[in-house]
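Numbering of residues begins at 1 and proceeds along the displayed sequence. All of these numbers come straight from a predicted model, not from anything done at the bench.
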Amino acid sequence: MKFTKIVGVTIVSILLLSFWQSWAHSTRGGEALSGQGWWSARRDSAGVAPDPVRWRDTAIVQVYAAPTYGWRGLVAVHPWIILKAKGETRYRRYEVISWGSDNVVRLNYTLPDGFWYGATPKLLVEHRGEAAQAMIPQIDAAIKSYPWPQTYRAWPGPNSNTFLAHIGREVPALQLDMPANAIGKDYRSIVNPVGLAPSGSGVQISVLGALGVTLALEEGLEVNLLGMNLGIDVNPPALRLPFIGRLGFDNVDQQQER
C-alpha cells in the first residue's frame, strides 16, 4: 500500500510539474492563451522551411508541430508534413483538420511553415537529398491509405496526430519521433491493438489510444494512460512528459548528424 501511494504521488507530481512548465512556456511565448481571435492570429511564414526555389534541385521532407489553438495548446500539439521532390519549386503540405470539409485530410491548407494560429511551429523531422526523394512516394501512398479520412475526434483520436503517426508507421525511414503531448498518435482500432510504434522502429500495444505502452528505438519506453504519456527516450536522451512533450536533447539535431 505504501509503495502504491508513493507511485501515485510521484505520477501526480510529474503531471502537475509538466502542466506548470507548459503554462509557463505559453505565458512567455504568448501563444496558448493570448486572447487573440483565431481570425487575427498569425498565419504567416515562421521562416523555418528552406526556400523551395533556391533548393530546387534538392528533395526535402519536413514534419512540424505547434501548440493547438487556445487553451488546448497547453496540453496538445497539431502536426503536419511538407514535402517537395527534386526539381519542384513548391512544397505540398498535408495535415488533418476537423472543420470545413467532410474529408479531414487537407492539402495546402496554409503556408508550409506558417504560424499555427499564433503558435510557433517546431521542426520535428527533416530529410534532404536522395533519402527524402526515396521516401516521398512512400509518404504519398501512406497519405492515400489513411484509415480515417472522414473521422475526427480530439480525444483519444483519430485526429491530426493519428494521421502523422500513420505516415510514420508506413514510412519508418522518416524516423518520426512524435512528442508525448501529441495526443492521438497512439490511437489504434479496437480490432488492431498491437502493431508498430508511430516511428515504425518498435512495437506498441494500445487500446483506442487511451491505454497502452510503446517500446521503440525512436520513442524509447513510453506508457500511455488516458492519453497522457510518460516515458524515457535514449535516442537521443530525453524525458517524455505530458503537456510539454519532451525534455532533453533535440531529435532534429540528432537526425542531421546521421
Side-chain angles (χ1 to χ4, degrees), residues 3-4 6-15 18-19 63 65 68 72 75-79 81 96 104-105 124-125 135 138-139 141-143 145-149 151-248 251 254:
F3 174 76
T4 303
I6 292 174
V7 171
V9 170
T10 300
I11 292 175
V12 171
S13 298
I14 291 173
L15 293 177
S18 297
F19 184 80
V63 176
T68 55
R72 290 181 297 177
V75 299
V77 294
H78 171 79
I81 187 169
V96 157
V104 298
V105 179
L124 299 183
V125 165
M135 70 178 69
Q138 301 172 41
I139 294 172
I143 292 169
S145 69
Y146 179 59
W148 301 284
T151 304
Y152 184 97
R153 286 188 293 268
W155 182 93
N159 57 31
S160 58
N161 289 300
T162 313
F163 175 65
L164 262 295
H166 170 75
I167 296 174
R169 291 186 182 100
E170 295 294 309
V171 190
L174 191 60
Q175 299 173 337
L176 177 58
D177 184 357
M178 300 185 72
N181 59 343
I183 296 174
K185 69 181 178 66
D186 301 320
Y187 181 84
R188 305 182 67 91
S189 167
I190 190 64
V191 299
N192 185 31
V194 181
L196 291 176
S199 67
S201 66
V203 296
Q204 179 182 67
I205 301 173
S206 180
V207 180
L208 294 175
L211 180 67
V213 61
T214 300
L215 180 62
L217 178 63
E218 294 294 336
E219 288 95 342
L221 175 63
E222 185 176 78
V223 176
N224 171 19
L225 179 61
L226 299 179
M228 294 182 291
N229 290 318
L230 291 166
I232 299 176
D233 198 345
V234 295
N235 185 37
L239 293 176
R240 304 179 67 85
L241 299 170
F243 311 131
I244 63 175
R246 184 182 183 87
L247 185 62
N251 277 319
Q254 179 85 350

Do the side chain of His166 and the main chain of Ala142 share a donor and acceptor less than 3.5 angstrom apart?
-> yes
Tightest non-hydrogen contact, residues Ile81 and Val63, listed as CG1-CG2, 3.8 Å
When Leu176, Asn235, Leu215, Leu217 are each screened for side chain to side chain contact (heavy atoms under 4.5 Å, CB included) with Ser201, the one that passes is Leu217
Shortest non-hydrogen pair, Ile190 vs Pro193, comes out as O-CD, 3.8 Å
- Note, Asp177 side chain near Arg240 side chain (heavy atom, < 4.5 Å): yes
Any donor-acceptor N/O pair, Asn161 side chain to Ile183 backbone, under 3.5 Å: yes
d(Leu174 CG, Glu218 CD) to nearest 0.5 Å is 9.5 Å
Could you check whether any side-chain heavy atom of Pro79 comes within less than 4.5 Å of a side-chain heavy atom of Phe163, counting everything from C-beta outward?
no
Task: Backbone N/O of Leu196 and side chain of Arg169: donor-acceptor pair under 3.5 Å - done: yes
| So do Leu211 and Leu225 actually touch side chain to side chain, heavy atoms under 4.5 Å? | yes
Worksheet item: Judged by atom type as modelled, is there a donor-acceptor pair below 3.5 Å linking the side chain of Thr162 to the main-chain atoms of Tyr187?
Response: no
Tightest non-hydrogen contact, residues Ala65 and Leu124, listed as CB-CD1, 3.7 Å
Give a yes or no answer on whether the side chain of Asn181 reaches the backbone of Ala76 with a donor-acceptor pair at less than 3.5 Å.
no
Less than 4.5 Å apart, side chain to side chain, heavy atoms only: is that true for Leu239 and Arg246? no
request  = Would you check if the side chain of Trp148 reaches a backbone N or O of Asn159 as a donor-acceptor pair within less than 3.5 Å?
outcome  = no
In short, Pro158 meets Tyr146 closest at the heavy-atom pair CB-OH, 3.6 Å
Check: Ile143 and Val105 side chains under 4.5 Å, non-hydrogen atoms:
yes
| message | Less than 3.5 Å apart, any donor N or O on the side chain of Asp186 or Asn229 sitting next to an acceptor on the other? | response | yes
Dump the intermediate steps for side-chain hydrogen bond (donor to acceptor under 3.5 Å, both in side chains) on Gln204 and Thr214, then the final yes or no. CA-CA 4 Å; Gln204 179 182 67; Thr214 300; 3.0 Å; yes
Discussion item. Do Glu219 and Ser199 pair up side chain to side chain, a donor and an acceptor below 3.5 Å, judged on atom types alone?
Written reply: yes
Do you see a donor-acceptor pair shorter than 3.5 Å between the side chains of Ser160 and His78? yes
- Task: Answer yes or no: does atom CG of Leu221 have more than 12 heavy-atom neighbours from other residues, nucleotides or ligands under 6.0 Å?
- Result: yes
For Leu241 and Ala180, the nearest pair of non-hydrogen atoms, with its separation, is O-CB, 3.3 Å
>> Looking at Gly212, is its backbone amide N or carbonyl O close enough to the side chain of Ser206 to form a donor-acceptor pair, meaning the two atoms are under 3.5 Å apart?
In response: no
Taking every heavy atom of Arg188 against every heavy atom of Gly195, the minimum-distance pair comes out as NH2-CA, 3.1 Å
